[in-house]
Amino acid sequence: MSKETVQPGKYVSISYTIRDQEGNVVEQHDLPIGFVYGSDTELIGGMDKAIVGKKAGDEVEVRLSPQDTFGEHDPELTFTDDLENVPPQFRHVGAEVQMQNEAGETKTFFISKIEDDKVTIDGNHPLAGKTLTVQVKVLEVRDAQPGEDRTSGIHSVQAPGSTSIN
């Protein structure tokens, strides 16, 4: 196993699991995802700080407050309307609705509840107001290859010997 440690300029691949306060898995990535540490990629709530200095095989658990993730739940972003006013394709819990304000700014809202011919529409992220626990496993740390530092964001890591179809 490599002795390389996570630091700026290193290519890192990880897997992770995010759990809510009750221990329910809210997001899980078992397949490796990779990025160049210190590039413009930001990991949720300081996960990047938690893995600095770690090497392949290390595991880290981070507890994240709402302020470090999706913020507190804002009741002003939640409203109720008659179900008949909602187009049929959005009449199910979890549906995403793009809404635009007078200034032309768009925001994603979610159908969070349907009850008694009323629908609750929420502009908060579904995990807003929740304390989350993230378990990260560092899978690979190596020198970044030329150009990898210019690849923005986290991406899936292709298994050796496989081909991609574009």
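Atoms OG and CD, on Ser65 and Glu72 in that order, are 7.5 Å from each other to the nearest 0.5 Å. From Glu140, atom CD reaches atom CD1 of Ile14 across 12.5 Å, with rounding to the nearest 0.5 Å. From Leu77, atom CG reaches atom NZ of Lys107 across 5.5 Å, with rounding to the nearest 0.5 Å. With rounding to the nearest 0.5 Å, the separation of OH in Tyr37 from OH in Tyr11 is 16.0 Å. Taken to the nearest 0.5 Å, the CG atom of Asn24 stands 13.5 Å off from the CD1 atom of Ile18.
Within 6.0 Å of the CZ atom in Arg91, the count of heavy atoms belonging to other residues, nucleotides or ligands exceeds 12. Dense packing is recorded around CD of Gln67, with more than 12 heavy atoms of other residues, nucleotides or ligands lying under 6.0 Å away.
Listed by chain and residue number, Thr108 satisfy the side chain to side chain donor-acceptor pair (under 3.5 Å) test with Gln98 (two or more places apart in sequence, or in another chain). Partners of Phe70 under the ring-ring contact (aromatic ring centres under 6.0 Å, His included) rule, at least two apart in sequence or in another chain, are His125. Taking Glu105 as the reference, Asn101, Ala103 meet the side-chain contact (heavy atoms from CB on, under 4.5 Å) condition, with sequence neighbours excluded. Under the rule for a side-chain contact (heavy atoms from CB on, under 4.5 Å), the partners of Gln28 that lie at least two apart in sequence or sit in another chain are Thr17, Val25, Asp30. The side-chain contact (heavy atoms from CB on, under 4.5 Å) check on Gln21 picks up Lys130, Thr131, with sequence neighbours excluded. Under the ring-ring contact (aromatic ring centres under 6.0 Å, His included) criterion, His29 pairs with Tyr16, not counting sequence neighbours. The side-chain contact (heavy atoms from CB on, under 4.5 Å) search around Gln89 returns Pro87, not counting sequence neighbours.
Annotation: side chain of Thr69 is not in contact with side chain of Leu127 (no heavy-atom distance under 4.5 Å).
Among pairs with a residue in residues 7-20, those fulfilling salt bridge (Lys or Arg N to Asp or Glu O under 4.0 Å) read Glu4-Lys10, Lys10-Asp143, at least two apart in sequence or across chains. Applying the ring-ring contact (aromatic ring centres under 6.0 Å, His included) test to residues at least two apart or on different chains, none of the pairs has a partner in residues 42-68.
The two atoms that bring Gln7 and Val52 nearest to each other are CA-CG2, 4.5 Å, heavy atoms only. Minimum heavy-atom separation, Phe79 to Met99: CZ-CE, 3.7 Å. The shortest non-hydrogen separation linking Ala144 to Val36 is CB-CG2, 4.0 Å.
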Show me the donor-acceptor pairs, under 3.5 Å and distance only, between side chains in residues 110-123 and residues at least two apart or in other chains.
from, atom 1, to, atom 2, distance (Å)
Ser112, OG, Thr120, O, 3.4
Lys118, NZ, Asp82, OD1, 2.6
Asp122, OD1, Thr78, OG1, 3.2
Asp122, OD1, Asn124, N, 2.8
Asp122, OD1, Asn124, ND2, 2.8
Asp122, OD2, His73, NE2, 3.1

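A single hydrophobic cluster is not seen to contain both Leu139 and Val136; linkage of ILVMFWY side chains at heavy-atom distances under 4.5 Å, directly or through other members, places them apart.
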